[in-house]
Amino acid sequence: MTLENLESLRDKAFFQNSIDIWIMLCEEKKWEYSDIKNYLKFIDHLVSNNIKIQRFPLCIKESGGMYERGKDKTAFLDRLSKVQSDNASAFTIKLTENTISTIRSFDIFEG
């Protein structure tokens, strides 16, 4: 059985959306991905570490991607779309080694 991780996500496409990256990070760290506040802190972490992100229009109904979580992921995206914050969006992120390292340095228990 192949271990899914951020590198395997990068192998599928060098540029990924922040939602799938967030879900993969949560899987690696055994966190629940559906907490909107933690996702917003994650985006803050990327911005504060000078990771280039670009807003990405992600259609809620077609966002299944490699994660066939169906209702759970759709519910997360629907709740996120109702948050009034610049960080409450999906973003395109280039998964370089440095970016993956910065992503993994995020901790939901800090800050």
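Just so we're clear, the structure is a prediction, and the values are computed from it rather than from any experiment. Scope of the values below: all heavy atoms of this structure, side chains included, with no hydrogens, waters or symmetry mates.
- Of all heavy-atom pairs spanning Lys73 and Ile19, the tightest one is CE-CG2, 3.8 Å.
- For the 3.5 Å distance criterion, the side chains of Ser105 and His45 qualify, holding a donor opposite an acceptor.
- When the side-chain hydrogen bond (donor to acceptor under 3.5 Å, both in side chains) test is applied to Ser48, no partner is found at least two apart in sequence or on another chain.
- In this structure the side chain of Ser18 reaches within 4.5 angstrom of the side chain of Ile43, judged on heavy atoms.
- In this structure, CG on Leu95 lies 9.0 Å from CZ on Phe15, to the nearest 0.5 angstrom.
- Remark: Val83 engages Ile36, Leu40, Ser85, Ala88 in a side chain to side chain contact (heavy atoms under 4.5 Å, CB included) (not counting sequence neighbours).
- The aromatic rings of Tyr39 and Phe42 sit tilted, their planes meeting at an angle between 30° and 60°.
- For the atom pair Asp107 CG and Lys41 NZ, the distance stands at 8.0 Å (nearest 0.5 Å).
- Applying the side chain to side chain contact (heavy atoms under 4.5 Å, CB included) test to Asp44 and every residue at least two apart in sequence or in another chain returns Asn87.
- With a 4.5 Å cut-off on side-chain heavy atoms, Met24 and Tyr33 do not count as touching.
- Thr96 is linked by a side-chain hydrogen bond (donor to acceptor under 3.5 Å, both in side chains) to Thr99, counting only residues two or more places apart in sequence or in another chain.
- Considering only residues two or more places apart in sequence or on other chains, Phe91 meets the ring pair (Phe, Tyr, Trp, His ring centres under 6.0 Å) condition with none of them.
- With rounding to the nearest 0.5 Å, the separation of CG in Asn17 from CZ in Arg55 is 13.5 Å.
- To the nearest 0.5 angstrom, Ile100 atom CD1 is 5.5 Å from Leu6 atom CG.
- Summarising the geometry of Trp31 relative to Phe106, their closest heavy-atom pair is CH2-O, 3.4 Å, with the distance given to 0.1 Å.
- For residues 81-99, the pairs satisfying salt bridge (Lys or Arg N to Asp or Glu O under 4.0 Å) are Arg10-Glu97, Asp78-Lys82, with sequence neighbours left out.
- Formation of a donor-acceptor pair under 3.5 Å by the Asn49 side chain with backbone atoms of Ile51 is not found in this model.
- A distance of 12.0 Å separates CG of Leu80 from OG of Ser34, quoted to the nearest 0.5 Å.
- Distance CG/Asn38 to SG/Cys26: 7.5 Å, rounded to 0.5 Å.
- By the salt bridge (charged side-chain N to carboxylate O under 4.0 Å, His left out) test, Glu32 pairs with no residue at all, sequence neighbours left out.
- Among residues two or more places apart in sequence or in another chain, the side-chain hydrogen bond (donor to acceptor under 3.5 Å, both in side chains) test is passed with Asn98 by none.
- Between the side chain of Lys52 and the backbone N or O of Ile93, no donor-acceptor pair lies under 3.5 Å.
- Scored by the salt bridge (charged side-chain N to carboxylate O under 4.0 Å, His left out) test, Arg104 finds Glu7, Glu28 as partners (sequence neighbours excluded).
- Residues Phe56 and Thr92 come closest through the heavy atom pair CD1-OG1, 3.3 Å.
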